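What you see is a predicted model, and the numbers here were worked out from it, not measured in a lab.
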Amino acid sequence: MNTVIDMMIHVNDSAVKPLMEASLARIPGVIEARLKTPKPHLLFVSYDPERFNIGSVPEIARGLGSQAQVVEL
């Protein structure tokens, strides 16, 4: 792993946020998904871009019954 990228994700349904964190944490290439933010709809993800495609986040959210958007930092 040479590069780690941090991205912010906006999850439309804050009740799904813990499920998103758990789902992302199990994916190879995701180093950390964390809820530590005072904003109920935001999630931060650190990942290796060679092993995880951040573009798959909306699909993961749809699978959990919600929507999510990647927000560049």
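- Going from atom CD of E59 over to atom CG of L64 covers 11.0 Å, rounded to the nearest 0.5 Å.
- M7 and I5 make their closest contact through CG-CG2, 3.9 Å (heavy atoms, listed as atom of the first residue, atom of the second, distance).
- A donor-acceptor pair shorter than 3.5 Å cannot be found between the side chains of D13 and Q67.
- Atom CD1 of I9 is separated from atom CD of Q69 by 10.0 Å, given to the nearest 0.5 angstrom.
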Stepwise side-chain contact (heavy atoms from CB on, under 4.5 Å) check, V71 with F44: CA-CA 10 Å; V71 181; F44 291 91; over 6 Å; no
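- M8 is not listed as a side-chain neighbour of V45, based on a closest heavy-atom distance of 4.5 Å or more.
- Applying the salt bridge (charged side-chain N to carboxylate O under 4.0 Å, His left out) test to every pair with at least one member in residues 21-33, sequence neighbours left out, gives these pairs: E32-R34.
- When all heavy atoms are compared, the tightest approach of P49 to Y47 is CD-O, 3.5 Å.
- Considering only heavy atoms from C-beta on, R62 comes within 4.5 Å of P58 through its side chain.
- Using a 4.5 Å cut-off on side-chain heavy atoms (C-beta onward), V4 and I31 make contact.
- Across all non-hydrogen atoms, the minimal contact from A25 to A33 is N-CB, 4.4 Å.
- Once rounded to the nearest 0.5 Å, the distance linking NZ of K17 with CG of L42 reads 6.5 Å.
- With hydrogens and angles disregarded, a donor-acceptor distance shorter than 3.5 Å links the side chain of H41 to the backbone of N12.
- Here CD1 of I60 is found 4.0 Å from OG of S56. Values are rounded to the nearest 0.5 Å.
- One finds the OG atom of S46 at 11.0 Å from the CG atom of L24 (value rounded to the nearest 0.5 Å).
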